[in-house]
Q: 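Here it is, the structure in full.
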Amino acid sequence: MNQHPDYLLNNIKGPKDLRKLNIEQLNQLAQEIRTLILEKDSVEGGHLGPDLGIVEATIAYHYVFDAPKDKIVWDVSHQTYPHKMLTGRALAWLDPDHYEDVTPYTNPDESPYDYYAVGHTSTSIGLATGMAKARDLMGGHENITALIGDGSMTGGLAFEGLNNAAIEKHNLVIVLNDNQMSIDENVGGVVTMLEKLRNSDGKTPDNPFTAMGFDYRYVADGNNIKDMIEAFKAVKDVDHPIVLHINTLKGKGYQPAIDDEVGHHWVLPFDLKTDKTTVPAPKGPTANSIALDEVIRHIKKGENIMAINAAIPGVFGLGKIKKEYPEHYTDVGIAEQESVAFAAGAAKEGAVPVLFENSTFLQRAFDQLSHDVAANDLPVVMMVAGGGISNASKTHLGIFDQVMVGNLPNWNYLAPTTLNEERAMLDWAIKQRKHPVAIKMPTKPVPEGEKIEDPDYSTIHYQIIPGKNDIAVIALGDFYERGQKVAAELGATLVNPLSANILDKTALDDLAEKNQLIITLEDNSLDGGFGQKVASYVGSRTKVLNFGQIREYSDQTPLETLYEDNQLNVNQIVAAAKKEL
């Protein structure tokens, strides 16, 4: 049921309807949008601070420009809730029964006002520049706009985009939403650059944009609708590339989000009265706490550990290292390529870099994983979070990390089945100084397990629990528990393979000889994954069934649906096995 039938937003079916409103009504609309963002996020969770801060700029853009003919490319697109409300999708915020109707990022399948499925950072300028060049080639004259900010300027691709955008011959508008933040605090020289521009009201001679050849305008209050309408009117239809730099307040309208910008960038469901999350905190140790404790233990021993991440310390709980051991901590900004290259340089100099990466963002650094780390066989240690089948947006899937890392030479991609196994793997990875090692952090609850003394994973030896029937179940990482259930149903041998890409060929030879069927289970994309490696090695000697996710972009598909469709439920695996025998 529509909870706010009296809202002006109910009358906004598209951007043209905004032009029927006066400034007072537009400000009322901004307040309505903020209320709806808070109400929905409190129930569903989601991005909060970025969307609260971009409301006025979004209203002004759609008031002035003629979308969808005029096109805006949203960087990351995690700040497009107001945009979606103004382009025919307001019901997904007005009515709780429709909260699930839209995705959290721009989506061309959802609306003609969205041009790309975008969820990663720093791509907007490059995309918009390509669109502008194509428009010129085809004789078009529409406005092309890229909106970048909320940390995206620390990503290298943003500067590659600027390099080419500066020489565009005709219209190209780059809106720099400068809210002085990223997911965490902004870092690096970009902070100084933007601060000089803000402090001088855009008049400092140290202006990198004009130095590159851009026209440049500055708006001191990007949360003032009247000022933003005037600014957009001034740049509409310009026949050259221009940077419109706007100063906005992240979290505007909700004081807790202003006071704690980091904690309110993205939120779990929470109580609007207290600002406290309604999601219970996990009890006992977690994959994150184990990794953090192990790194700190090595730091306390006086080792030259460098904890490195790309703008997401909160994902791993790295705040303690950042605060208590700052010389051992580096946030490179929202730039995964830089984080991996930085780690390679640190390893070459003799330090012990421990990279903390999220699976879905790691793909941005594939060349560095190969060219800078693997080809030079440098002992970088990498903890990978979020690697697994999930109900996430298609821009945030975690099913490709094994395919990337596991198919590169020299990398050993370890996959723990317990927390103590994770601890042992990290301890060994830090101590060994020969090759790069990645560890796939559990994404599901796993047992603490038995402590492992003097771990050594330089040679992989599968852990095998013999069964009574001629079936073997090899279950990788946090799918091991699923493997336990399947093995129990089938009376099968159960195998913990420890590594996602290094095969224990001696064990596999023995398993192939003794079993009519080998089943592999992995929380990952099947193509190029662990199971295919096993099948390639033993498939000519015995039957092999591989279970994982098929090669596709799922998009907020419920996890239970994904498991059902990919035959990953225990009863489905058992039935498939019995059919083969």
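Nothing fancy with the numbering, it's 1 onward along the sequence.
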Q: Indicate yes or no: does Arg423 engage Asp427 in a salt bridge with an N to O separation below 4.0 Å.
A: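 Here Arg423 does not pair with Asp427 in a salt bridge, since their nearest N and O are not under 4.0 Å apart.
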Q: Could you walk me through whether Val267 and His47 satisfy the side chain to side chain contact (heavy atoms under 4.5 Å, CB included) test, starting with their C-alpha distance in whole Å, then the side-chain angles of each, then the deciding distance to 0.1 Å, before giving a yes or no?
A: CA-CA 6 Å; Val267 294; His47 290 94; over 6 Å; no
Q: Check for a donor-acceptor pair, side chain of Ser77 on one end and backbone N or O of Trp74 on the other, with a separation under 3.5 Å.
A: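 Not a single qualifying donor-acceptor pair exists.
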Q: Could you give all pairs that pass the side chain to side chain donor-acceptor pair (under 3.5 Å) test and reach residues 374-390, with sequence neighbours left out?
A: Asp377-His435
Q: Can you confirm whether the side chains of Gln180 and Lys250 place a donor and an acceptor under 3.5 Å from each other?
A: no
Q: Donor-acceptor pair, Asn107 side chain versus Asp114 backbone, under 3.5 Å?
A: no
Q: Would Lys252 and Val55 count as a side chain to side chain contact (heavy atoms under 4.5 Å, CB included) here? Give the steps.
A: CA-CA 9 Å; Lys252 182 177 172 62; Val55 175; over 6 Å; no
Q: Suppose the criterion is salt bridge (charged side-chain N to carboxylate O under 4.0 Å, His left out): which pairs have a residue in residues 406-418, not counting sequence neighbours?
A: none
Q: Sequence neighbours left out, what pairs pass side chain to side chain donor-acceptor pair (under 3.5 Å) with at least one residue falling in residues 338-354?
A: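 Those involving residues 338-354 are Ser339-Glu357.
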Q: Is the backbone of Val243 close enough, under 3.5 Å, to the side chain of Asp215 for a donor and an acceptor to pair up by distance?
A: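 No; zero donor-acceptor contacts below 3.5 Å.
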Q: Quick one, Val352 and Lys431 - any side-chain contact, counting heavy atoms below 4.5 Å?
A: no
Q: Strictly by modelled atom types, are Asn358 and Thr360 linked by a side-chain donor-acceptor pair under 3.5 Å?
A: no
Q: Quick one: CD1 on Ile33 to OG1 on Thr58, what's the gap to the nearest 0.5 Å?
A: 7.5 Å
Q: Indicate yes or no: at least one non-hydrogen side-chain atom of Val102 is less than 4.5 angstrom from one of Trp93.
A: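 With C-beta onward as the side chain, the pair touches.
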Q: Any donor-acceptor pair under 3.5 Å linking the side-chain atoms of Asn223 with those of Thr248?
A: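 Judged by distance alone, the side chains do not pair up.
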Q: Salt bridge between Asp478 and Lys440, side-chain N to carboxylate O under 4.0 Å?
A: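 Salt bridge: no.
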Q: Tell me which pairs pass salt bridge (charged side-chain N to carboxylate O under 4.0 Å, His left out) where either residue lies in residues 311-324, with sequence neighbours left out.
A: Asp184-Lys322
Q: Donor-acceptor pair, Asp523 side chain versus Ile389 backbone, under 3.5 Å?
A: yes
Q: If you define the side chain from C-beta out and look only at heavy atoms, does anything of Met425 sit under 4.5 Å from Pro416?
A: yes
Q: Name each donor-acceptor pair under 3.5 Å that joins a side chain in residues 204-214 to protein atoms two or more places apart or in another chain, with its distance.
A:
unit_1, atom_1, unit_2, atom_2, d
Thr204, OG1, Asp206, N, 3.1
Asp206, OD2, Lys196, NZ, 3.1
Asn207, OD1, Phe209, N, 2.9
Asn207, OD1, Thr210, N, 3.1
Thr210, OG1, Asn207, O, 3.1

Q: Please, which pairs that meet ring pair (Phe, Tyr, Trp, His ring centres under 6.0 Å) have at least one residue in residues 398-426, sequence neighbours excluded?
A: Phe400-Tyr553
Q: Can you find a heavy atom in the side chain of Val380 that is under 4.5 Å from one in the side chain of Pro353?
A: yes
Q: Filter on salt bridge (charged side-chain N to carboxylate O under 4.0 Å, His left out), then keep only pairs touching residues 258-278, sequence neighbours left out; what's left?
A: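 Matches after skipping sequence neighbours: none remain.
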Q: Can you find a heavy atom in the side chain of Phe342 that is under 4.5 Å from one in the side chain of Gln337?
A: no
Q: Verify the distance criterion only: is there a donor paired with an acceptor across the side chains of Tyr216 and His245 at less than 3.5 Å?
A: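 A pair is found: one side chain offers a donor N or O, the other an acceptor, under 3.5 Å apart.
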Q: Quick one: which of Thr129, Leu244, Ile242, Ile148 gives a side chain to side chain contact (heavy atoms under 4.5 Å, CB included) with Ile174?
A: Ile148
Q: With side chain to side chain donor-acceptor pair (under 3.5 Å) as the rule and sequence neighbours excluded, what pairs involving residues 151-165 come up?
A: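 Qualifying pairs, neighbours excluded: Asp75-Ser152, Thr121-Ser152.
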Q: Once the angle between the rings of Phe232 and Tyr61 is folded into 0 to 90°, is it parallel (under 30°), tilted (30 to 60°) or perpendicular (over 60°)?
A: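 Phe232 and Tyr61: perpendicular rings.
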Q: Ion pair present between Glu110 and Lys84, side-chain N to carboxylate O less than 4.0 angstrom?
A: yes
Q: Is any side-chain heavy atom of Pro269 closer than 4.5 Å to a side-chain heavy atom of Glu44?
A: no
Q: Take Met382 and Val373 through the test side chain to side chain contact (heavy atoms under 4.5 Å, CB included) and record every step on the way to the result.
A: CA-CA 11 Å; Met382 182 167 68; Val373 177; over 6 Å; no
Q: Does NZ belonging to Lys300 count more than 12 external heavy atoms closer than 6.0 Å?
A: no
Q: Would you confirm whether the ring centroid of His120 sits within less than 6.0 angstrom of the ring centroid of Phe361?
A: yes
Q: For residues 308-319, dump all side-chain donor-acceptor pairs below 3.5 Å to protein atoms at least two apart in sequence or in another chain.
A:
unit_1, atom_1, unit_2, atom_2, d
Asn309, OD1, Ala311, N, 3.2
Asn309, OD1, Ile312, N, 2.7
Asn309, ND2, Tyr329, OH, 3.0

Q: Working to the nearest 0.5 Å, report the span between CD1 of Ile299 and CG of Asn304.
A: 10.5 Å
Q: Can you name the residues that form a side-chain contact (heavy atoms from CB on, under 4.5 Å) with Asp293, not counting sequence neighbours?
A: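 Checked Asp293 against side-chain contact (heavy atoms from CB on, under 4.5 Å); zero matches.
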Q: Which heavy atom in Ala335 sits nearest to a heavy atom in Gly155, and how many Å separate them?
A: CB-CA, 4.2 Å
Q: Tyr81 versus Leu36: any side-chain heavy-atom pair under 4.5 Å?
A: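 No. Closest side-chain heavy atoms not under 4.5 Å.
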Q: Do you know which two heavy atoms are closest between Ala231 and Val219, and how far apart they sit?
A: CB-CG2, 3.6 Å
Q: Check the angle between the aromatic planes of Tyr325 and His328 and answer parallel, tilted or perpendicular using the 30° and 60° thresholds.
A: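 Geometry flag for His328 against Tyr325: perpendicular rings.
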Q: Does some side-chain heavy atom of Leu397 sit less than 4.5 Å from a side-chain heavy atom of Ser554?
A: yes
Q: Answer yes if the side chains of Asn247 and Asp178 hold a donor-acceptor pair under 3.5 Å, and no otherwise.
A: no
Q: Closer than 3.5 angstrom, by distance alone: can the side chain of Asn524 be matched with the main-chain N or O of Gly529 as a donor-acceptor pair?
A: no
Q: Go through the structure and list residues passing salt bridge (charged side-chain N to carboxylate O under 4.0 Å, His left out) with Glu294, not counting sequence neighbours.
A: Arg297
Q: Taking side-chain hydrogen bond (donor to acceptor under 3.5 Å, both in side chains) as the definition, give me every residue that meets it alongside Ser393, ordered by chain and number, with sequence neighbours left out.
A: Thr395
Q: Could you please spell out the steps behind the side chain to side chain contact (heavy atoms under 4.5 Å, CB included) verdict for Val73 and Leu147?
A: CA-CA 6 Å; Val73 181; Leu147 189 144; over 6 Å; no
Q: Output the distance between atom CG (Leu476) and atom CG (Leu498), rounded to the nearest 0.5 Å.
A: 9.0 Å
Q: Can Arg34 and Glu56 be counted as an ion pair, charged N to O under 4.0 angstrom?
A: yes
Q: Show the nearest heavy-atom pair for residues Val405 and Ala438, with the distance to one decimal.
A: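 Between these two residues, the closest heavy atoms are CG1-CB, 4.1 Å.
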Q: Looking just at side-chain N and O atoms, do Asn288 and Thr286 make a donor-acceptor pair shorter than 3.5 Å?
A: no
